[in-house]
Every structure is written in C-alpha cells, then in structure tokens.
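Convention: sequence-line order gives letters A, B, ...; per-chain numbering from 1.
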Amino acid sequence: MSMPLGRLCLRPHASVQLSRFTSTSTDKSSTQALDGDFFALNKRISHLIRTGQIAQAREDFDRMEQRNVVTWNSMITGYVKRREMAKARKLFDEMPERDVVSWNLMISGYISCRGDRYIEEGRSLFDQMPVRDCVSWNTMISGYAKNQRMTEALQLFNRMPNRSVVSWNAMITGFLQNGDVVHAIEFFERMPERDRASLSALVSGLIQNGELDEAARILLECGNRDDGREDLVHAYNTLIAGYGQRGRVEEARKLFDQIPFSHEKGKEGNRRFERNVVSWNTMIMCYVKAGNIVSARELFDQMRERDTFSWNTMISGYVHASDMEEASSLFSKMPNPDALSWNSLILGYSQVGCLELAHDFFEKMPQKNLVSWNSMIAGYEKNEDFVGAVKLFARMQIEGEKPDRHTLSSVLSVSTGLVDLHLGMQVHQMVTKTVIADVPLNNSLITMYSRCGEIKQAHTIFDKMKLQKDVISWNAMIGGYASHGFAAEALELFALMKRLKVRPTYITFIAVLNACAHAGLVDEGRSQFKSMIREFGIEPRVEHYASLVDIIGRHGQLEEAMGLIKSMPFEPDKAVWGALLGACRVHNNVALARVAAEALMRLEPESSAPYVLLYNMYADAELWDDAAEIKLGDADRQQADSNEIARPDFQCLGLKKCSRVIIKYQ
DNA sequence: GTAGGGTTAG
C-alpha cells in the first residue's frame, strides 16, 4: 500500500488513510482530482479556515466542482474550530466517503465543547467508527481526562491496542488535573518512552497541585540519570516560573543555577541540557514579579542573545516600578519593539499621570491592538479625564476595534464618574452581547446604576447574579441603597449577607453606617460600629469615624461627637470635620462650628465651603462682627447667597449630550 | 484536515 511519506511514522494505523486521494462518488475521475488546480483550491480553503474566513471558505467549497475527503475535512475543521457542531455534523452526514480524520475531527469537536452531553456524542461516534487510529483513541482519552472522568479514560487506555507517547501524556495530565499526583508520577515512571511534552506535562501539573519540591526532585533525578535531556530545560523553565509565581525567588534562582551554561555561541536550544533564552527570561521575570528590578537588570545585562521577550519583560519591570526614565531608555535601545513594548510605555505613562506622553506613544505606534486601546482608555479613566476616555472609546468603535471586558469595565467606570446613565446603558447592552457572566463587570454595573439613581435596575442585576455574587457585589448594592436613603433595604440586605456567611469588609461597614446616617438611626449606628470591631475584628478607619460623627452629631449630641473625634487614633480628615460642621449648622452650635471650620480651613485652604457655611451661620445668629472677619470674594458671596454652583455644559463626543450639572451646598 | 506542553503588556 502506498502512503505519503512522513505520515507513516506518526500513524500506527495509517492504512486507513487510503481514501486520502480517492475522489468522491459525485466527483469526476480521480486522475483529474490530482491536477494542480485542485490542490490549489484545497489549499486555499484550508488557508481561509486558518485565517478565520469561514464564510468565504464555504462559498468556495460550495462552488467546487470536485471535492475529495481532504476538502470535506477542511471544511469540517472550520466549523469544529468555531464549535459550530450542528453545521459540522451536517457536512459529516452528507459526506460521500469518510476517512479516519473525518471521524477524529468530529470527535475532537464534540469533546472540546465540554459538557457530558457532548462527550457522549463523541463517544458514540468513536464506537461507531469502522477503523480507529491512534489519534481517535488519544482524542477520546484526553476528552475524558479533561472532563474529570478518569475512570473512563483509564478504561479506554487499558483497551487501547497501540499506545503512543501521547496516550501516556494525556493520562498524566488527566491525573494531575484531578489532583491525583500519585498516579501521575506512577504513570510517568512506567512510560516505555518519553517525548519533549512528557516531562513538561508532569512538571506543570505538579506545580498546579502545589507540589513544587516533588517536581524539583524529579527534575534533579532526570538530570542525574542522563535521561530526558531533550526537554529538561523546558521543564526546568516551567518550574522556575512556578517558584517565581509563588514568590519563592531564591529557590527559582537555585534551579536556574543548576542548569549548565556554556559560553559557546549559537548552541542554545532544547536539544541540549543547557540554559536557553527562555530560562534567562523566566528568571528575569521572577525578579520583576518580586519587585527586585536590580537583580533582574543584572541578569539582563549578562545576556548575550536577548530576544523581544527579554526586552519586554525588563521594560514592563521598570513600568511596574514607575521608573519611566529607564523604561523609555530601554525602549529606545530595543532593536525591534513590538505592540507589547509600546503598550507597556502607554500603560506606564498613564500610570504616572503623563497622559499626553502616553497618548503620543499611542498615536505613534505602528500597529495598535486591543490592549493599546484598553490601556489608553483606562489611562484616561484612572486620571479622571472621562471625556477623553469617552472620545477614545467612540473612536475605537469607528475604527472597528471590538471592545472586550477590560474596555467595558473602564467605560463603565467612566459612566459612573460622569453619572451618565445613557452611556452606562449603552455599555450595559454591550456587556450583555460580548461577555458571559463576568462578576467584576456585573459589580460595576450595579455601582453605575445606583450612582445614576436607578436603584431598581441595580437590584435587578444584583438578583440575577445569584450564587456568583462576591463581597464586592454585596458592598455595591448595600452602598447603593445607603446612598439613596433606603436605610431599611440596606440594613436588611446586610443582615441577609451575614446570614449567608459572606464576610463583610470595612467597605461594607462604610455603607452600613452611611445608611444609618441617612436614616438618623443613632443606636443602630453605634451598635454597628461596635460590632464591626468586636464581631468582625475590623479596625475602624477614618471613614467610619466620619460616618459615626455624622450620625451622632446630627442627632444633636455635638459634644459626644467632638469627644469621638478626640478619641480617634489618627488625625481627623476633612470628612470628619465636615460631618461635625454640618451637624453644627443644623443645631446652630456656633462655637463648635468655628472649631470644625477652622480645622477644615487648615486642611483645605483653597476650599471656600467652610467659609461660606460659617458666614451663613454668623449671619443667621446676627453675629455681624464675626461675619465681617470672614473674607469672601464676590463670587463666593454670590454662592453663599444662591447656595448653588453651576458647572458649564460639556459634551461626550460622538455619543450624546450631557445635561447640566448642579452641585448644591448642604 | 486530528491527540498531549515553557517566559512578557490591559
């Protein structure tokens, strides 16, 4: 039997491949099927599918006068890759003739859809197929392994006629994914032969199970046994990264030093047990993650063959250290900066507040990708240039870039910052279309809606989250109720949260105290403050004190409030004094108001608010001499009279007009 | 055209 050379050695059951070049029954003669045009057409289809142009591929496929099994299989691959199993199945059923690959493709498609229903479908095909090759068995085994069904995986493994290295590797990965370290190691030691993936699979699986030292032991053994040399570096690199991720940098370095290092040039690679570029890069990365930029740089300077990775790791290290001088100096020396290098600079400059520089790099970079857009938009948002963020978001859509969870999260924060319900709702729609059940995004939606006053809508989202709520969801919802004066709802939700054993954080208590403040619940506020400390061991922060001062002060117990301020273990901030001043205003305590106002003036000399408030109080009490001592500018006096400041209109470009914002003095 | 795996940015 003649077989295309090169395939033979990979396929123990290669004889099933016979139908490879036979034409299908509806097609013309087989001699014609072998001409150059035909191959070109098949090649074109597979190219279209590789590049994701499935619709075009299908058009070509439908137009083809003759097809062979490869044509059909290519088309099926396209649907399988997109998990469109119904379409794949339809083609599969229509095929005039199938080979092993057709069956294997379908099985692997069903398997990667996950879910038991799909596995059963794959298994049923596996059982029906006339001849199975190595790939069929391995697909099925790894399918079971990936879905935590090791019993069935093992059954197939035992029944399998000619096991390959892949079968063993799949079993090892499967055991490790199920936390079965013992069987994984046992299988690894029993393997008749290993390839470059075997050690990698074992080591990375052991790392996932937290068995780093066990992995290190096995590696040392393999090194001593002169065994598995080909991929030993590979495995060492994996383990170095594992130690690094767990902050065990010194152990990572010990492993790095264990790898032999030759000074010969151009001999690096996986074929010899010897440090390669990845080893260096990984070690540098460990230092960067640990914040040890000096050691990272030392290694970087020692390297002979730096690649893009090395440069980018180093640049991102400086970015994390907010050292933009070094970051940009490296960038300018880098031979071929890629998108990642540019993005790191954009990120770094926005991080330190240099939006113009960040934007310069953003405009100058030759090939923007999604991360570039996201970094720039997030940069605007973090620096509170909300309008800049919205403009860029609009431009992004005009230029056809699709937003993802990161984009949407930034723009949602922007909507919240602008209190722009219209924009927020647009983003909400996009979230529904592009992301499935993302907890942080849902949390941001809750915050956005409640900040915009749509507390009902916020609650709808909160409700829909069901079991996937985290503390932040609870905090957002309780905080939303609190800030809108729904104290009963806030406290009820807080009670429910505790019943469900969700541990509150200091933020939860800010919201709870805030709710009490709004509703004038003095005793409730006091007892919540106490329970925070005693039941949950949360140290009160300045925000909690400010809230409690507000609660007590507004109730008229100004002296007690003042006492609380004096008892604070840290300096009161403007919120604390502001709360006291507000309470003094309500209860007409001019003497204490003066103390609070003066403290505020020291903390924020540029703010006119305490002056205005004190002025009004003096005026009400007809203390004209005191009032005269407060020097107000004309503008401030007008404010004192009207009690309102108006901000000019502004526009969110390309999307909508925002309404006038009025800020009222309390 | 199918089965198993090392390092960088939001």
Peer 1: When you look at A:M314 and A:I293, which way does the side-chain contact (heavy atoms from CB on, under 4.5 Å) test go after all the steps?
Peer 2: CA-CA 8 Å; A:M314 212 51 233; A:I293 192 86; 3.9 Å; yes
Peer 1: Can you figure out which of B:dG6, B:dT7, B:dA3 approaches the side chain of A:T238 most closely?
Peer 2: B:dG6
Peer 1: Output the single nucleotide from B:dA9, B:dG6, B:dG4 whose closest atom is nearest the side chain of A:S316.
Peer 2: B:dA9
Peer 1: Whole Å only: how far is the CG atom of A:D195 from the C1' atom of B:dG6?
Peer 2: 14 Å
Peer 1: Give A:H320 one of three labels, base, sugar-phosphate or nothing, depending on what nucleic acid heavy atoms sit under 4.0 Å from its own.
Peer 2: sugar-phosphate
Peer 1: Examine B:dA3: is either OP1 or OP2 under 4.0 Å from a nitrogen or oxygen in the side chain of A:K146? Give yes or no.
Peer 2: no
Peer 1: Which atoms form the tightest heavy-atom contact between A:N343 and A:S372, and what is the distance?
Peer 2: OD1-OG, 2.8 Å
Peer 1: What nucleotide, of B:dA9, B:dG6, B:dT7, holds the atom closest to the side chain of A:H234?
Peer 2: B:dG6
Peer 1: Would you mind reading off the distance between A:F188 atom CZ and B:dG4 atom C1', rounded to a whole angstrom?
Peer 2: 14 Å
Peer 1: With a cut-off of less than 4.0 Å, is there a side-chain N or O of A:K289 near OP1 or OP2 of B:dT8?
Peer 2: yes
Peer 1: With a 4.0 Å cut-off on heavy atoms, is A:D404 in touch with a base, just the backbone sugar-phosphate, or nothing at all?
Peer 2: base
Peer 1: For DNA chain B, what residues of residues 200-207 of chain A have any heavy atom nearer than 4.0 Å?
Peer 2: A:S200, A:S204
Peer 1: Over all heavy atoms of both residues, which pair between A:I111 and A:G143 is shortest? Give the atoms and the distance, please.
Peer 2: CG2-CA, 3.1 Å
Peer 1: Using the ring centroid of each side chain, check whether A:F256 and A:W280 are separated by less than 6.0 Å.
Peer 2: yes
Peer 1: Between C1' on B:dT7 and CG on A:L299, what's the gap in Å once rounded to a whole number?
Peer 2: 14 Å
Peer 1: Determine the contact category for A:K382: base if any of its heavy atoms lies under 4.0 Å from a base atom, sugar-phosphate if only primed atoms, P, OP1 or OP2 are that close, otherwise nothing.
Peer 2: nothing
Peer 1: Base, sugar-phosphate, or nothing: which does A:K43 touch, judged by heavy atoms less than 4.0 Å apart?
Peer 2: nothing
Peer 1: Does A:R50 reach a base, just sugar-phosphate, or nothing at all? Heavy atoms under 4.0 Å.
Peer 2: sugar-phosphate
Peer 1: Which whole-number value in Å describes the distance from A:I240 CD1 to B:dG5 C1'?
Peer 2: 17 Å
Peer 1: Below 3.5 Å, does any donor atom in the side chain of A:N276 face an acceptor in the base of B:dG6, or the other way round?
Peer 2: yes
Peer 1: Can you name the residues that form a side chain to side chain donor-acceptor pair (under 3.5 Å) with A:D301, not counting sequence neighbours?
Peer 2: A:R297
Peer 1: Counting only heavy atoms not in A:N336, do more than 12 fall under 6.0 Å of its CG?
Peer 2: no
Peer 1: Near DNA chain B, which residues from residues 364-371 of chain A have a heavy atom under 4.0 Å away?
Peer 2: A:N369, A:L370, A:V371
Peer 1: For residues A:F362 and A:W342, establish whether the separation of their ring centroids is below 6.0 Å.
Peer 2: no
Peer 1: To the nearest angstrom, how far is A:N343 atom CG from B:dA9 atom C1'?
Peer 2: 6 Å
Peer 1: Please report the distance, rounded to the nearest Å, between CZ in A:R194 and C1' in B:dG5.
Peer 2: 16 Å
Peer 1: A:L105 near the nucleic acid: base, sugar-phosphate alone, or nothing, with a heavy-atom cut-off under 4.0 Å?
Peer 2: sugar-phosphate
Peer 1: Mind jotting down which residue pairs meet the ring-ring contact (aromatic ring centres under 6.0 Å, His included) criterion with at least one end in residues 291-325 of chain A? Sequence neighbours excluded, please.
Peer 2: A:F300-A:W311
Peer 1: Quick one: which of B:dG4, B:dA9, B:dA3 gets closest to the side chain of A:N138?
Peer 2: B:dA3
Peer 1: Go through the structure and list residues passing ring pair (Phe, Tyr, Trp, His ring centres under 6.0 Å) with A:F61, not counting sequence neighbours.
Peer 2: A:W72
Peer 1: Does A:Q208 reach the main-chain N or O of A:L176 with its side chain, forming a donor-acceptor pair under 3.5 Å?
Peer 2: no
Peer 1: Tell me the interatomic distance from A:L345, atom CG, to B:dA9, atom C1', rounded to whole angstroms.
Peer 2: 10 Å
Peer 1: Nearest-Å distance, CG (A:L239) to P (B:dT7)?
Peer 2: 12 Å
Peer 1: Who pairs with A:R63 by side chain to side chain donor-acceptor pair (under 3.5 Å), at least two apart in sequence or on another chain?
Peer 2: A:D60
Peer 1: Do any side-chain nitrogens or oxygens of A:S108 fall under 4.0 Å of OP1 or OP2 in B:dA3?
Peer 2: yes
